[in-house]
Visitor: 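Pasting a structure here, questions to come.
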Amino acid sequence: MSNEIVYGFSDCRFGDIIVARTEQGVCDLQFLDFNRLETIHELAERWGEYTPTTQDDDMAHTVSRVAFGQLNHPLQLDLRGTAFQLRVWQEVLKIPFGQTRSYQEVAEAIGEPTAVRAVATAIAQNPIAVLVPCHRVIHSDGTYGEYHWGRDLKRRLIEWEKAQVNKNQQ
DNA sequence: GAGTGCGTATAAG
DNA sequence: CTTATACGCACTC
């Protein structure tokens with residue numbers, strides 16, 4: 001198994017993104033809008049042991065198009081985390097495009113109804129934004145809740161998805 | 001063992 | 001809107 005990762009930059013309607021992938025699949029997707037250098041540094045910290053890294057913006061562009069619905073193509077993901085984190089992320093992956101779930105519902109779905117806060121922490125650690133749709137997990141009372149890149153981006157992602165679904169139904 | 005966090009519920013300013 | 005209390009649990013140090 002190779003220790004090589006490929007990263008690249010791309011953009012989408014919500015801003016610039018960085019994408020990384022291993023031999024196994026996409027391992028990282030983050031927005032760069034507000035903290036470009038910090039985000040790149042975070043990726044280097046997380047995947048630093050995987051060398052050498054090569055840049056491939058075409059790869060990033062393809063992933064971006066899949067993530068934002070312009071390209072219907074299955075993407076292999078390379079999710080790495082604790083057993084608990086993987087259970088949470090797998091559950092989040094089940095949330096359909098255009099829908100939302102509460103942190104409470106996700107906790108119940110994995111059989112840990114009292115671990116709501118831990119579920120939220122795990123979701124906050126999600127390394128693959130959008131593809132693992134942690135933006136679709138909101139508060140029980142319907143408010144949007146926190147997001148790494150701000151509540152406003154979370155709100156725009158959710159509303160854009162709902163608009164897309166409505167458009168396709170008409 | 002202590003501190004932390006993308007929550008929830010309730011209460012209060 | 002914000003702060004405060006309590007509950008709960010994975011995770012870090």
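Quick note on labels: first sequence line is chain A, next is B, and so on, each numbered from 1.
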Visitor: Give A/Tyr103 one of three labels, base, sugar-phosphate or nothing, depending on what nucleic acid heavy atoms sit under 4.0 Å from its own.
Guide: base

Visitor: Mind calculating the distance between CD (A/Gln85) and P (C/dC9) to the nearest angstrom?
Guide: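 So the CD-P distance, A/Gln85 to C/dC9, works out to 18 Å.
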
Visitor: So which nucleotide does B/dG7 pair with, by the Watson-Crick or G-U wobble rule with both distances under 3.5 Å?
Guide: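 WC or wobble partner is C/dC7.
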
Visitor: Please give, in whole Å, the distance from C/dC9 C1' to A/Arg87 CZ?
Guide: 12 Å

Visitor: Tell me whether the rings of A/Phe14 and A/Phe68 are parallel (<30°), tilted (30 to 60°) or perpendicular (>60°).
Guide: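 A/Phe14 vs A/Phe68 ring planes: tilted.
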
Visitor: In whole angstroms, how far is the C1' atom of B/dT8 from the OH atom of A/Tyr144?
Guide: 19 Å

Visitor: Between the side chains of A/Asp78 and A/Arg21, is the shortest nitrogen-to-carboxylate-oxygen separation below 4.0 Å, so that they form an ion pair?
Guide: no

Visitor: Report the distance from atom NE2 of A/His135 to atom P of B/dC6, rounded to the nearest whole Å.
Guide: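 Atom-to-atom, A/His135 to B/dC6, this comes out as 18 Å.
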
Visitor: Using atom CD of A/Glu112 as one end and atom P of C/dA10 as the other, report the distance to the nearest whole Å.
Guide: 6 Å

Visitor: Using a 3.5 Å distance criterion without hydrogens, assess whether the side chain of A/Arg65 forms a donor-acceptor pair with backbone atoms of A/Gln70.
Guide: no

Visitor: A/His139 side chain N/O closer than 4.0 Å to the phosphate oxygens (OP1, OP2) of B/dC6?
Guide: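 No, A/His139 has no side-chain N/O under 4.0 Å of OP1/OP2 on B/dC6.
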
Visitor: Name the closest nucleotide to the A/Thr114 side chain, picking from C/dC9, B/dT8, C/dA10.
Guide: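 Of all the options, the side chain of A/Thr114 is nearest to C/dC9.
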
Visitor: Does A/Ser140 or A/Ala118 map to a spot on DNA chain B nearer the 5' end, using the closest nucleotide for each?
Guide: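 The residue closer to the strand's 5' end, by nearest nucleotide, is A/Ala118.
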
Visitor: Is the number of heavy atoms from other residues, nucleotides or ligands under 6.0 Å of A/Asn168 CG greater than 12?
Guide: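 Yes - once you tally the heavy atoms of other residues, nucleotides and ligands closer than 6.0 Å, there are more than 12.
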
Visitor: Between B/dC6 and C/dC13, how many Å separate the two P atoms, rounded to a whole number?
Guide: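 The answer is 15 Å between these two P atoms.
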
Visitor: Rounded off to whole Å, could you give me the CZ-to-P distance for the A/Arg151 and B/dC6 pair?
Guide: 11 Å

Visitor: Is it true that a side-chain atom of A/Lys154 and a backbone atom of A/Ile138 form a donor plus acceptor pair closer than 3.5 Å?
Guide: no

Visitor: Picking from C/dC7, B/dC6, B/dT8, which would you name as closest to the side chain of A/Tyr147?
Guide: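 In terms of side-chain proximity for A/Tyr147, the closest of C/dC7, B/dC6, B/dT8 is B/dC6.
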
Visitor: A/His148 NE2 to B/dC6 C1': how many Å, rounded?
Guide: 10 Å

Visitor: When you measure from the side chain of A/Glu146, which nucleotide among B/dG7, C/dC9, B/dG5 comes out closest?
Guide: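 For A/Glu146, the side-chain atoms sit closest to B/dG7.
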
Visitor: For A/Arg136 and B/dG7, what is the distance between atoms CZ and C1' respectively, to the nearest whole Å?
Guide: 20 Å

